[in-house]
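Quick notes on the structure that follows.
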Amino acid sequence: MTHAAVSAEAHPFKGERPVTAEVVREHNLTEAEYGDITAMLGRTPTLTELGIFSALWSEHCSYKHTKPVLRKFPTEGPQVVQGPGENAGVLRLPDGWAVAFKIESHNHPSAVEPYQGAATGVGGILRDVFTMGARPVAVLNSLRLGPLDDPRNRYLFSGIVKGVGDYGNCVGVPTLGGEVAFAPGYSGNPLVNAMCVGLLRETDLMRARAHGVGNILLTMGSRTGRDGIHGASFASEELSAKSEARRPQVQVGDPFTEKLLLEATLELIEAGLTVAIQDMGAAGLTSSSAEMAARGGVGVELDTSLVPTREPGMTPYEIMLSETQERMLIVAEPHRVPDIQAVCARWELTAVPVGRVTDDGLFRIVHDGVTVAAIPGERLVDGCPIHDPEAREAPAAVARRAARPTTPPRVDAAGALTLLLDDPTIASKRWVFEQYDSTVQAETVLGPGGDAGVLRVPGTGFGLAISVDCNQRYVTLDPYEGGKAAVAEAARNVACTGAVPLGITDCLNFGNPDKPEVFFQFTEACRGIADACRAFGTPVTGGNVSLYNESPTGAIDPTPTIGMVGLLHDVTRRVPSHFAAADSSILLLGTSRGHLGGSSYWEVVHGFVGGAPPPVDLDAEHRLQRLLAAAAERGLLRSAHDCSDGGLAVALAEACIGEPYAAAPRGAKVNLANPGAVPVAALLYGEDAGRVVISCGTPEVAQVMALAAEHGVPAEPIGTVSAASEPLEIHLRDGHTTLRWPTPELRRTYFDAIPRRMRADPGREEGR
Amino acid sequence: MRVAVVRFPGSNCEPETCRAVERAGGDAFYIWHRDTSLSDADAVILPGGFSYGDYLRSGAIARFSPVMEAIRSHAKAGGPVLGICNGFQILCEAGLLPGALVRNAGLKYLSRPVDVRIERTDTPFTSAYRAGQIIRIPIGHGDGRFVAPASLLDQLEAEGRVVLRYAGAPESDVPSNPNGSVQDIAAICSASGTVVGMMPHPERLADRVLGSDAGQGVFESLMRYPVTPVPDPSPRFS
Amino acid sequence: MTWRVHVRILPRKGLLDPQGQAVEHALAALRFPEASNVHVGKAIALDVAAGTAAEAEALVRTMCDQLLANPVTEDYEIEVEAGAPA
Amino acid sequence: MTWRVHVRILPRKGLLDPQGQAVEHALAALRFPEASNVHVGKAIALDVAAGTAAEAEALVRTMCDQLLANPVTEDYEIEVEAGAPA
Ligand SMILES: Nc1ncnc2c1ncn2[C@@H]1O[C@H](COP(=O)(O)OP(=O)(O)O)[C@@H](O)[C@H]1O
Ligand SMILES: [Mg+2]
């Protein structure tokens, strides 16, 4: 691209600080980056321009550390309508329907203010989806926290969960699933990843591309305040009452306004009143306008003095960088403006013209008639210099992968099951998901508490199965296998319901990429994700990268959360996770080798996190997925639940304990052969990948076995389901040992593990 | 039967409520909260959601919407009115039903299935059920604890105006009364029995494909209800 | 004149106040045995344009009766701070 | 002595206060143009056992900092009413 040597002039806003080396540093721009900026402009930038650059050239907007790695993801397939690069990815569904979905992190805001941080995280991801013209039909959330014995972590946990709940509940979008894991690495740096899934007619798809010189830009929704403004602007000001008043403020969510924005936006798009529309997320007005302009290859001019503000005296710098929530930026033909304002008024919102699309390719900001910023738009968005950090695995990580527990188990093989079910990471998350509305919209086929959430597409017979997953222990110990495992588990969870995995969105939560061992984790995990997605034919449709997640004790455990969407052709064929009927036959799909490396058993029972996590055979996983779909389609399955944390024994226990509000748990009589003479604990708690516990009517066993053989999936009948409140019995054919657990007690342990810990302190009352 | 489903800003259960009415054979249509006419509706449903974000108090602001006058006269004339969840809260705030719905005793929003016993089958919304029948339908609310002065409670019980009561499966590990409502009250009705408010969401479990249609009876009951068209006093728009 | 007015809305006496109880427990857990009889309600602050403090208070009383407080479950108190010329 | 103490907790200045906005709009719709700058927060009332009013206030200040108020989003004011012998 030609180098626009000297661009248009821009003048400092009255009273604005001159741009010095120190101010540049405050804006987290390197000398090299600043050099590019002055070269690009042919002059010193104004403070407003510097703020704009620092926002768009931040990691969050520019992906300067990660672009080359992310380019290696498979992003294509016949089902892909919209790949990465828009507000959300879009996949094709039957009958002209399409699904838009995206996951995003809100880690730092949630660490500072858990309730508002989590709430606004949900708000942001909802907007990403409805700006595409899709109606949100499900949200999911993936949470990581430090251990619950620390009151600070309990405070963060309850605040985050209430924030997620209050926001989604108020907007009226069901939360169909999610995950929560607890590990010391997240103390002081919790992770809050929120995923939204929306439905649209493929023909209604709306892309955020500004075009049409002379078209009008309007802001819709909340007035702009000083929320979450990049701290740099005041950092070095001597503290005066004035600078105090200008401190950036916590973003506060307003789900009521969001609901109105949602309805108004969908109405505007349906009526064809807009050329483009985009929510104002990170770096609010700056990124939304600059990105829409760049995508459309046009320039924009914004008059910040026209933007409705919540407080008097806001500077262009503040208005451009404000992260006030519940705002949208609309591009429309001039003659549409009155109709747009009428629709907004009906929804008790305001839409105000604040700028226009121009032909000079410049990103120009005017305030009270003075041009305070004029930047070549394309270079602004795409011109950020790319870094390629060094990636090197830490020797300690290699050693840890090779290590084994040195201390004896705390309890025997039978006692271990209770210990595992009481582990907050494995225990039921009912305490969490019962704070989330999971039935609003009345399309919930399978709600939280199973392997994946399932919803019906309104007015059709088909549905979507959705799951978010990541086992950060595996990723920590072996980033490549861990990346594969995250995709494999998400796909397995979706397949357990009978659905066919379609595609993923990912949220890559890592530490500081300038640390070689962190960037190694990043590149290796991404390589694993890419390989798994290729093997399963589930392309990456988008996602989000969150770096610099460092707690006082160092980087967080690497956590590439995978959000998987699958298609269930006939929702009446969906398969629940829990044993449904007494006397059903229980079968185990997949191969058990008793792999304890990286297992929950070692962590919980030996107090040891280490070893090599179970390798994932991607072909075997893919065959397993296809078998589950085929068996479900033929109506052969009464239940299917995959083995994840805690292996076969925990999977069996969960299938017995049953759905979150079952009147009573079921029992099971299980009879395990052990040809490999694997130690009992390894047989019960080993976490070999690619295994699923299914149940079916005894007459169907033969068909299931035949179908499994056809798909090349090992299958073995291992027992039968018994009546309500009967015990779980596991008999080991060799050694003739029988382990017996009363299921009512297992249920109590499983459901009470988290409430018991949270009862310790009612804590502060957040929200209304 | 023509059933008006009222949309307040922040309502969010209108579509499924309409679907449930139509599945039962009714003709459902939206009424915007600013409308002053019910457009010849035979019955009115105030759906669930978060009208005005539930700010201040659930239902406190919505009760002043222009449409409430028309609903008031519809109710006065004996027309059937159902408030579900937020709709129930609005009816209480508006004084169309007695008592109040306050923060759950557990202080948390609660989304889960509940078992409720049908206490009255002679209302326009429960005639399809058997007295004493227990149905399982979802709740989703943070302010569902029904409270009322003792004298009013006695009166409600004496007049048999408790329509649904939380009841529990003995073996279940969760309390049958999810929110601490006095006397396990999940739904009440007006003296005439024609205005009903309930916290659970029958429209959310009214379709076998979702696993149960236990709630559909509420809408089938309405279809059986003999309606004498209610004269609409207020001027009509559109 | 503009008057800064504060309204304090508390659960009606005798009504179960789980929020108050929860806070009381939390305070006890934090070793504040000195705290008892805790109740939690709403605080509303607003500016009111009125000639006299009495007029301002009367206005806010009507607002409370019509909207701000629930007569079935809540009691309120009004406090008018010194006013400033509008 | 036992002191009746009132705590008024309001959203920090400048922070978006959706609830306050909603109430302000509702009041306007109810024809109370006199009301403006409306904010909604929490009111907490409690009895505090302490020797002097100053001690009671100091105690409650610690309670606010540790539990009652959110240091990131809320500001609080404490008001100690006349005490009574315990
Ligand atoms: N944060 C959450 N929000 C909503 N639902 C959740 C959350 N965490 C867990 N769940 C529910 O509990 C189920 C079981 O969680 P998990 O043990 O992670 O399942 P799996 O091991 O199959 O991924 C999830 O599938 C989901 O339905
Ligand atoms: Mg699973």
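As the structure is a computational prediction, the values presented were derived from the model and not from experiment. Protein chains get the first letters and strands the later ones, always in sequence-line order, with residue 1 at the start of each.
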Practice problem: Please examine the side chains of R8(C) and E79(D), heavy atoms only from C-beta on, and report whether any two atoms are closer than 4.5 Å. | Solution: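 Answer yes - side chains close enough.
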
Practice problem: Sort I44(D) into side chain, backbone, both or neither according to what part of it lies under 4.5 angstrom from a heavy atom of chain C. | Solution: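 Both parts, backbone and side chain.
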
Quiz prompt | Top contributor to chain D interface from L46(C), L10(C), N37(C) [non-hydrogen pairs under 4.5 Å] | solution =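 The option with the most such pairs is N37(C).
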
Self-check item: Pairs meeting criterion salt bridge (Lys or Arg N to Asp or Glu O under 4.0 Å) with involvement of residues 40-49 of chain C, two or more places apart
Solution: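 The answer is R4(C)-D47(C), K42(C)-E74(C).
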
Practice problem: Output the residues of residues 50-63 of chain D for which the shortest heavy-atom distance to chain C is under 4.5 Å, in residue-number order; output 'none' if no such residue exists. | Solution: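 Heavy-atom contacts from residues 50-63 of chain D to chain C are L59(D), T62(D), M63(D).
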
Quiz item: For the candidates A35(D), A26(D), G20(D), which exhibits the highest count of non-hydrogen atom pairs separated by less than 4.5 Å from chain C?
Solution: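 Looking at each of A35(D), A26(D), G20(D) in turn, A35(D) comes out on top.
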
